[in-house]
Amino acid sequence: MNTINRRQFIQLLGGASALASSFGITACSRQPAASGRVVIIGGGFGGATCAKYLQRFDPKLDITLVEPKQQFVTCPFSNAVLGGLRDMNSISHGYQAHEKRDIKVIHAMAQEIDPAGKKVVLDNGKTLEYDRLVVSPGIDFRWEDVEGMSAADAETIPHAWNGGPQTVIFHNQLTAMPDGGVVIIAPPANPFRCPPGPYERASMIAHYLKQNKPKSKILILDAKSKFSKQPLFMQGWEQLYPGMIEWVGGTQGGRVTRVDPASKTLYSELGEEHKADVANFIPPQKAGAIAHKAGLVDSSGWCPVNQRTFESTVHPAIHVIGDASLAGAMPKSGFAANSQGKVCAAAIVSAMGNTRMPDPSYVNTCYSLLSPDYGISVAAVYRYAADKGIYKVEGSGGVSPMDVDEEFREKEARYAKGWYASITSDTWG
Ligand SMILES: Cc1cc2nc3c(=O)[nH]c(=O)nc-3n(C[C@H](O)[C@H](O)[C@H](O)COP(=O)(O)OP(=O)(O)OC[C@H]3O[C@@H](n4cnc5c(N)ncnc54)[C@H](O)[C@@H]3O)c2cc1C
């Protein structure tokens, strides 16, 4: 009973090596290199992390990262740009560190995936062959579900739910708005990218307005009847921005059913009209377009995956991670995508080396800044079980307490900045 055969021993060794590496430990007995070709679509939180850790776990792999942007602008801390706390440069990250690790970075869009032929066709005319493919394209918008507005109208009514030009448009509109203006933020129903994001956004805009345009107001027309860290946000708003932010829940008339971009008017389900000086309509979401084109999605619009390895349950040898995937209890966050990128890298190296990796565990913390010195958070640890997929570990993490002093909130604001520095260094550094 206590003896194990040679094959089981090699499997254990391989699994231990992958696990050790995922915690930043260099194992002395690295498993034999599994040479093979891995292509990764998307150089955001999920894809860039996965590429880096694949190379770490098996330096002999031939890894190609496909990402159109030369500089990735993060959504995390883009709200701080709207609040005037950061500039765009400080939330932009390049791929030099990946190139130094001999990861091939191709700045192009993946146009087609051929799962049977194991090929990816790029918009620059090139075709890449793979043994394993990782798809981490983030989100796309369900414009088809929005009456009166299309993707082209995002120039007038920015969603700013992808970092980059949309953040700049939104920022410029806020700085051009007269004092006394009304900013409307309209968050979508669940599930969507970054559940606390719209409310951190309201806080950061309020911080900017309080200093520069104190007669202005923020109206949140929410499709939902409750939201992430709600009591903490509301407590903070009352303390920091009394009377400036009004939240209307879905059943009270918050659900927006039509938008008129020309007049910046949002119409609610109850027939009310709300005219904005600056409108931020955040459309309902689905997995990034390439996932739909490749048939990786189910009827929910997101990608079902094996919860242990992130391999698609539709097409073998293709793994989907990050926001695009259906990852059990995990939220759609950058930290979650980073965590999944590492597990997916271990799963691929194990699969290619024909070893079994140990059951994974994951972490997520979402910090939100309410002002430069006022932070709150929600954290959790997740594990995998065959009968329930990825589940939240009971008693792990939790939200910040309600009754604490200023120093506690100030510390969490500092941790938020520390988190950003460390996750971006882990992903792109
Ligand atoms: C305002 C806001 C604040 C946020 N704050 C936080 C936070 O504080 N903490 C946190 O953890 N998360 C936060 N998030 C969420 C976080 O940004 C996302 O969850 C994260 O980016 C998801 O990673 P991803 O790899 O799935 O997608 P992304 O990071 O969006 O990366 C997808 C990449 O794929 C590329 N791509 C798409 N299609 C193709 C294709 N066909 N070919 C090649 N490349 C392609 C895109 O160009 C993009 O670079 C925030 C989000 C928002 C909107």
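Atoms within a ligand are numbered from 1 in the order they appear, just like the ligands themselves.
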side-chain hydrogen bond (donor to acceptor under 3.5 Å, both in side chains) evaluation trace for D260 with T265: CA-CA 5 Å; D260 177 25; T265 305; 4.9 Å; no
Heteroatom distance test (C194, ligand 1): nitrogen or oxygen, under 3.5 angstrom: no
Enumerated ligand 1 atoms positioned under 4.0 Å from heavy atoms of F72: 29 (O), 31 (O), 48 (C), 49 (O)
Polar atom proximity, I290 to ligand 1 (N or O, under 3.5 Å): no
Sidechain-backbone polar pair: D373 side chain, E410 backbone, donor-acceptor under 3.5 Å: no
Residue pairs fulfilling side-chain hydrogen bond (donor to acceptor under 3.5 Å, both in side chains) with at least one residue in residues 92-102, sequence neighbours excluded: H93-Y420
Sub-4.0 Å atoms of ligand 1 with respect to non-hydrogen atoms of A337: 23 (O)
Pairing of D277 and K264 as salt bridge, 4.0 angstrom limit: no
Part of N79 within contact of ligand 1 (heavy atoms, under 4.0 Å): side chain
Test log, rule ring-ring contact (aromatic ring centres under 6.0 Å, His included), inputs W247 and F227: CA-CA 11 Å; W247 176 78; F227 62 87; 5.3 Å; yes
Contact check, W419 vs ligand 1, heavy-atom distance below 4.0 Å: yes
Atom indices of ligand 1 within 4.0 angstrom of R201 heavy atoms, with elements: 1 (C)
G334 N/O to ligand 1 N/O under 3.5 Å: yes
Among S78, G163, A110, G44, closest by any non-hydrogen atom to atom 41 (N) of ligand 1: A110
For K332, atoms of ligand 1 separated by under 4.0 Å from a heavy atom: 19 (O)
Selected option - heavy-atom contact closest to atom 8 (O) of ligand 1, from P76, S368, P331: P76
Close-contact set for ligand 1 against G322 heavy atoms, below 4.0 Å: 26 (O)
Nearest-option assignment for atom 44 (N) of ligand 1, heavy atoms, candidates C50, P68, G46, C75: P68
Whether K104 side chain and T64 backbone form a donor-acceptor pair below 3.5 Å: no
Atom indices of ligand 1, in the order listed, that fall short of 4.0 Å to a heavy atom of G138: 26 (O), 27 (O), 32 (C)
T175 backbone acceptor or donor facing K213 side chain under 3.5 Å: yes
Sub-4.0 Å heavy-atom contact, G288 with ligand 1: no
Ligand 1 N/O within reach of R193 N/O, cut-off under 3.5 Å: yes
Protein contact of atom 38 (N) of ligand 1 - nearest heavy atom, named by residue and atom, plus distance: P137 CB, 3.8 Å
S368 side chain near Y199 side chain, heavy-atom distance below 4.5 Å: no
G197 heavy atom under 4.0 Å from ligand 1: no
Test of proximity, D323 against ligand 1: N or O pairs below 3.5 Å: yes
Ligand-side contact atoms (ligand 1) for residue partner V66, heavy atom cut-off under 4.0 Å: 43 (C), 44 (N)
Nitrogen or oxygen of S136 less than 3.5 angstrom from that of ligand 1: yes
Check: F281 main-chain N/O paired with H159 side-chain donor or acceptor under 3.5 Å: no
Main-chain N/O of G163 paired to T167 side chain as donor or acceptor, under 3.5 Å: no
By ring-ring contact (aromatic ring centres under 6.0 Å, His included) - contacts of W302 (at least two apart): none
4.0 Å heavy-atom contact, A108 with ligand 1: yes
Heavy-atom nearest neighbour in the protein, as seen from atom 34 (O) of ligand 1, with distance rounded to 0.1 Å: G42 CA, 3.2 Å
Donor-acceptor pair, side chain of Q340 and main chain of V320, under 3.5 angstrom: no
M88 side chain near V168 side chain, heavy-atom distance below 4.5 Å: yes
Protein contact to atom 49 (O) of ligand 1 [nearest heavy atom, distance to 0.1 Å]: E67 OE1, 2.6 Å
Heavy-atom closest contact (S263 atom, K275 atom, distance): O-NZ, 2.8 Å
Crowding at CZ, R383 (>12 non-hydrogen neighbours, <6.0 Å): no
Closest protein heavy atom to atom 21 (O) of ligand 1, given as residue, atom name and distance to 0.1 Å: F45 CD1, 3.4 Å
Subset of ligand 1 atoms that lie under 4.0 Å from at least one heavy atom of K69: 46 (C), 47 (O), 48 (C), 49 (O)
